Protein chains: 2
Amino acid sequence: MTAQRVKTQNPQALTAQGRLDALMAGCPVHSLRSKLKQSGLRPTRQRMALGLLLFSKGDRHLTAEKLFEEAQELRVPVSLATVYNGLHVFTQAGLLREVAVDGSKVYYDTNVSNHHHFIIQGSNTLIDIPALDIDRGIIPEPPEGMEIAGIDVVIRLRAKS
Amino acid sequence: MTAQRVKTQNPQALTAQGRLDALMAGCPVHSLRSKLKQSGLRPTRQRMALGLLLFSKGDRHLTAEKLFEEAQELRVPVSLATVYNGLHVFTQAGLLREVAVDGSKVYYDTNVSNHHHFIIQGSNTLIDIPALDIDRGIIPEPPEGMEIAGIDVVIRLRAKS
DNA sequence: TTACGTGCAAATAATTTGCAGTCCC
DNA sequence: GGGACTGCAAATTATTTGCACGTAA
């Protein structure tokens with residue numbers, strides 16, 4: 001192995017892979033590849049394609065069907081079953097968050113930070129709401145011409161570890 | 001402050017009308033009947049039976065399938081399609097509230113006042129949370145041995161009338 | 001009477017699964 | 001090479017719909 005072993009606060013910068021990652025930090029392809037590897041997921045052709053569709057356009061709210069359509073439009077060969085599979089493993093890895101909107105389809109949010117949502121009845125559009133507002137009991141103003149039809153708060157519980 | 005009880009007999013020994021009567025005994029049958037009429041809904045045999053199952057046991061959280069099972073256990077003749085139909089018209093009439101829990105099934109809450117929910121991961125159990133707490137930015141303590149896995153806030157919007 | 005409701009079975013919609021074949025490490 | 005991943009099609013689950021028949025007003 002290499003002889004240069006200097007301790008710093010960023011050990012990753014000292015390995016060959018780390019230097020490579022740093023160089024490629026601006027490249028969405030390579031940053032996605034290492035994100036997947038860090039999560040123990042093989043960066044397969046299909047997962048890379050889905051990951052790029054999901055994560056290289058800012059925060060997005062997508063259904064499985066919608067993501068599948070986007071892949072098809074771009075002539076990326078991926079099956080619907082693999083889209084579902086990919087969304088599940090991405091979610092498990094903490095790269096996506098499922099949003100409970102209604103009883104029909106599941107939405108995936110590429111913004112995994114703490115925040116909430118408006119949903120416009122009829123059109124199935126999600127709009128982010130910063131968490132702080134609601135956590136302080138402040139209900140934000142609806143967009144122009146819209147009014148609040150209802151508020152759903154669901155706190156999911158699990159057995160303490 | 002317990003409600004007047006009617007002596008229960010073997011439900012199978014009764015006629016359909018008799019079982020319906022047993023179900024109605026001690027229950028606000030007429031208030032349900034007028035509630036339905038006020039909403040422009042015909043108080044049919046099936047809707048009365050479903051309404052009594054829903055509204056005569058305090059606040060409940062039910063799925064269509066669960067309500068159907070309860071009707072079957074009490075030998076109340078009603079089809080699954082009619083259960084779905086009934087839940088929809090009751091919801092439109094403001095007698096029920098749909099709760100967005102996850103992407104699979106729809107829950108119906110007989111408590112239509114402003115409040116929120118815990119859901120216990122794994123078991124599909126809903127627990128009411130008074131609205132005031134959350135509307136003031138106070139997240140209530142989870143039950144013993146449970147911890148918060150996540151919070152979903154969805155504000156549903158509609159076009160201003 | 002007659003429009004609204006109901007029951008049945010078939011149709012949808014979203015998602016999952018079984019398994020043979022493929023690809024990454 | 002071997003286990004992880006993918007694709008296809010069939011299976012499942014939750015819900016809706018079409019239509020003939022029933023029933024409350």
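Protein chains get the first letters and strands the later ones, always in sequence-line order, with residue 1 at the start of each. Just so it is clear, the structure is predicted and the values come from calculations on it, not from any experiment.
For B:Ser104, the side-chain hydrogen bond (donor to acceptor under 3.5 Å, both in side chains) partners at least two apart in sequence or on another chain are B:Asp102. When the side-chain hydrogen bond (donor to acceptor under 3.5 Å, both in side chains) test is applied to B:Glu65, no partner is found at least two apart in sequence or on another chain. Taking the side-chain hydrogen bond (donor to acceptor under 3.5 Å, both in side chains) definition, one finds that B:Arg60 meets it with B:Glu70, sequence neighbours left out. In this view, B:Asp59 and B:Asn111 satisfy the side-chain hydrogen bond (donor to acceptor under 3.5 Å, both in side chains) rule, not counting sequence neighbours.
Separating the OG1 atom in B:Thr44 from the CG atom in B:Leu36 is a distance of 8.0 Å, to the nearest 0.5 Å.
If you take OH of B:Tyr107 and C1' of D:dA14, they are 12 Å apart, rounded to a whole angstrom. Straight-line distance from the CZ atom of B:Arg42 to the C1' atom of D:dG22: 11 Å, rounded to whole Å. In this structure, A:Asp102 places its CG atom 13 Å from C1' of D:dT15, rounding to the nearest Å. If you take CD of B:Gln46 and P of D:dC21, they are 18 Å apart, rounded to a whole angstrom.
The shortest distance between the side-chain N/O atoms of A:Arg47 and the OP1/OP2 oxygens of D:dC5 is below 4.0 Å.
Note that A:Lys35 lies in the cation-pi zone of A:Phe55, set by a 6.0 Å cut-off to the ring centre and a 45° limit from the axis.
Nucleotides of DNA chain C that come within less than 4.0 Å of any heavy atom of chain B span, from the 5' end to the 3' end, C:dA3 to C:dC8.
Every pair passing ring pair (Phe, Tyr, Trp, His ring centres under 6.0 Å) that includes a residue from residues 117-141 of chain B is listed here, sequence neighbours excluded: B:His61-B:His117, B:His115-B:His117.
Within a heavy-atom distance below 4.0 Å of DNA chain D, the residues of residues 82-91 of chain A found are A:Thr82. Near-neighbour residues of DNA chain C inside residues 60-79 of chain A, defined by a heavy atom below 4.0 Å, are absent.
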For a quick test of your reading: what N or O donor-acceptor pairs under 3.5 Å do the side chains of residues 119-127 of chain B make, sequence neighbours left out?
| unit_1 | atom_1 | unit_2 | atom_2 | d |
| --- | --- | --- | --- | --- |
| B:Ser123 | OG | B:Thr125 | OG1 | 2.8 |

Between side-chain atoms of residues 76-87 of chain B and protein atoms elsewhere (two or more places apart, or another chain), which donor-acceptor pairs fall under 3.5 Å?
| unit_1 | atom_1 | unit_2 | atom_2 | d |
| --- | --- | --- | --- | --- |
| B:Ser79 | OG | B:Thr82 | N | 3.2 |
| B:Ser79 | OG | B:Thr82 | OG1 | 3.1 |

List the atom pairs, with distances to 0.1 Å, where a side-chain N or O of residues 151-161 of chain B and a protein N or O form a donor-acceptor pair under 3.5 Å, not counting sequence neighbours.
| unit_1 | atom_1 | unit_2 | atom_2 | d |
| --- | --- | --- | --- | --- |
| B:Asp152 | OD2 | A:Arg156 | NH2 | 3.0 |
| B:Arg156 | NH2 | A:Asp152 | OD2 | 3.0 |
| B:Arg158 | NE | A:Glu147 | OE2 | 3.0 |

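In terms of hydrophobic clustering, with Ile, Leu, Val, Met, Phe, Trp and Tyr side chains grouped at heavy-atom distances under 4.5 Å, A:Ile134 and A:Ile138 are assigned to different clusters. A:Ile129 and A:Leu132 fall into different hydrophobic clusters, where Ile, Leu, Val, Met, Phe, Trp and Tyr are joined by side-chain heavy atoms under 4.5 Å apart, directly or via other members. Both A:Leu32 and A:Leu54 are members of a single hydrophobic cluster when ILVMFWY side chains are connected at heavy-atom separations under 4.5 Å.
Comparing B:Leu80 and B:Thr44 by the nucleotide of DNA chain D that holds the closest heavy atom to each, the one mapping nearer the 5' end is B:Leu80. Positionally, the nearest nucleotide of DNA chain D for B:Tyr108 lies more toward the 5' end than for the other of B:Tyr108 and B:Leu41.
If one axis is set at each end of the helix from C:dT1-D:dA25 to C:dC25-D:dG1 from five pairs, those axes are 30° apart, to 10°.
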